[in-house]
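The sequence lines fix the lettering, A, B, ..., with proteins before strands; numbering per chain opens at 1.
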2 protein chains.
Amino acid sequence: MTITENSFTGEFSYTLDSKGRLNIPSKFRSALSPDNDSNFVITKGMDRCVVAYPVVEWQRRVEAGLRELSATSQRNRLFVRSVTRYATTVRLDGQGRIQLTPYLKDYARLDRDVRIIGVVNKIEIWNPDDLENIDELSPEDFEDLSDKVIL
Amino acid sequence: MTITENSFTGEFSYTLDSKGRLNIPSKFRSALSPDNDSNFVITKGMDRCVVAYPVVEWQRRVEAGLRELSATSQRNRLFVRSVTRYATTVRLDGQGRIQLTPYLKDYARLDRDVRIIGVVNKIEIWNPDDLENIDELSPEDFEDLSDKVIL
DNA sequence: TAACATTGTGGGTAGAAGTGGGTAACAAAC
DNA sequence: GTTTGTTACCCACTTCTACCCACAATGTTA
């Protein structure tokens, strides 16, 4: 099972229920490696979305780096704070749902309908309107980047 | 159990009660390693906030950082003194609350409403207004540091 | 087509978490 | 010795949340 660890793809539509719970697509759930303990870390993403990392992913990429950053410069301090401040560890409930924090729900303008997309090793949670309105890559850029990234 | 030692994330709103007691988020309490004896060291933080370290973390800092700094310049010595001078060990009460010292409460302008944020290996306690008003990083700086640290 | 399994959604409820206050113990001040 | 004030411990109350069960809709298998 160690072949593809946490590779998320696809787009899904879900609704936040009255308690603010959000379903995670079952395909994403099964893509979680078992030692993840069914946990995600959710935080602010770029462009007004919420990102969710499997915990191991978060630890590997973020925590390790943040610990190294010295707190001496104001710039570093602001950065570390702005990353961790909005990050919360959440566990899937029995039905595979997570609870969003009020701040993140507000930040990403999530009301009832949400769009969830898989982005390789993380998940993004969007307001459907915002997702439609973000600028798509120009066809030229797309080809340019495609060449470089293989794919 | 090999998870990560004391990694604090997230933001929480609490109130100082009439006795000056401050609740510590349960998520932070459980992130304390058991041998910490339910203790924190609180002291002056950068940018007008109060910082709270688990005792083991505090000890590590004192040994690693402060000791070296102290011998060098007068400026550093002043800094070290101001940090250690106001440092107090506090224990959580039965409900998971701590008592702030008058000096720190005054220094961070904590009145009734406070914001608590987790910053990797320490906790910061803020006046809500101050927290909102600290300069956020410019998007360029953010991306720049993101590239270096995260991916 | 019928039987069954999976998935998304909704809601009740016990226990946890946050908040407030009483009081005994102790130290400092009078 | 008495008074005052602070602190730590205990108990009480309200709010929130994690866990449980339920069910409809969809997909799958025989």
Colleague: B:Arg91 CZ to D:dA8 C1': how many Å, rounded?
Modeller: 9 Å
Colleague: Does A:Asp113 CG have over 12 foreign heavy atoms under 6.0 Å away?
Modeller: yes
Colleague: Calculate the interatomic distance between B:Tyr14 atom OH and D:dC16 atom C1'; express it in whole Å.
Modeller: 11 Å
Colleague: I want to check something: taking the side chain as every heavy atom from C-beta on, are B:Asp47 and A:Gln74 in contact at a cut-off of under 4.5 Å?
Modeller: yes
Colleague: Evaluate side chain to side chain contact (heavy atoms under 4.5 Å, CB included) for B:Glu124 paired with B:Val51, printing each intermediate quantity in order.
Modeller: CA-CA 5 Å; B:Glu124 292 183 351; B:Val51 286; 3.8 Å; yes
Colleague: Between the main-chain N or O of A:Tyr107 and the side-chain N or O of A:Arg48, is there a donor-acceptor pair closer than 3.5 Å?
Modeller: yes
Colleague: Select base, sugar-phosphate, or nothing to describe what A:Asp93 touches, counting heavy atoms under 4.0 Å on all strands.
Modeller: nothing
Colleague: Round to the nearest Å and state the distance from B:Gln95 atom CD to D:dT14 atom P.
Modeller: 16 Å
Colleague: Taking side chain as C-beta onward, heavy atoms only, is B:Arg97 less than 4.5 Å from B:Leu22?
Modeller: no
Colleague: Rounded to the Å, how far apart are B:Asn23 CG and D:dT15 P?
Modeller: 16 Å
Colleague: Given C:dT9, is OP1 or OP2 found less than 4.0 Å from the side-chain N or O atoms of A:Thr15?
Modeller: yes
Colleague: Based on the rotation axes of five pairs at each end, what angle does the helix from C:dT1-D:dA30 to C:dC30-D:dG1 bend through, to 10°?
Modeller: 30°
Colleague: Roughly, in whole Å, what's the span from CG in B:Leu16 to P in C:dT19?
Modeller: 10 Å
Colleague: When you measure from the side-chain N and O atoms of A:Arg112 to the phosphate of C:dT9, is any distance below 4.0 Å, counting only OP1 and OP2?
Modeller: no
Colleague: Can a donor-acceptor pair be found, under 3.5 Å and without considering hydrogens, that links the side chain of A:Asn39 to the backbone of A:Val55?
Modeller: no
Colleague: Return the nearest nucleotide to the side chain of B:Arg21; candidates are C:dG20, C:dG10, C:dG8.
Modeller: C:dG20
Colleague: Show me the protein contacts with nucleotides 23-29 of chain C, counting only N or O atoms at under 3.5 Å.
Modeller:
none

Colleague: Please name the pair of heavy atoms, one in B:Thr43 and one in B:Tyr86, separated by the smallest distance, quoted to 0.1 Å.
Modeller: OG1-C, 3.7 Å
Colleague: Between atom CG in A:Leu92 and atom C1' in D:dC19, what is the gap in whole Å?
Modeller: 14 Å
Colleague: Below 4.5 Å, heavy atoms only, C-beta onward: do A:Ser26 and A:Phe12 meet side chain to side chain?
Modeller: no
Colleague: To the nearest angstrom, how far is A:Asp17 atom CG from D:dA18 atom P?
Modeller: 13 Å
Colleague: Strictly below 4.0 Å: does B:Arg97 bring a side-chain N or O up to OP1 or OP2 of C:dG21?
Modeller: no
Colleague: Rounded to whole angstroms, how far apart are CD on A:Gln99 and P on C:dT9?
Modeller: 15 Å
Colleague: Measure from the side-chain N and O atoms of A:Glu57 to the backbone N and O of A:Phe40, and report whether any donor-acceptor pair falls under 3.5 Å.
Modeller: no
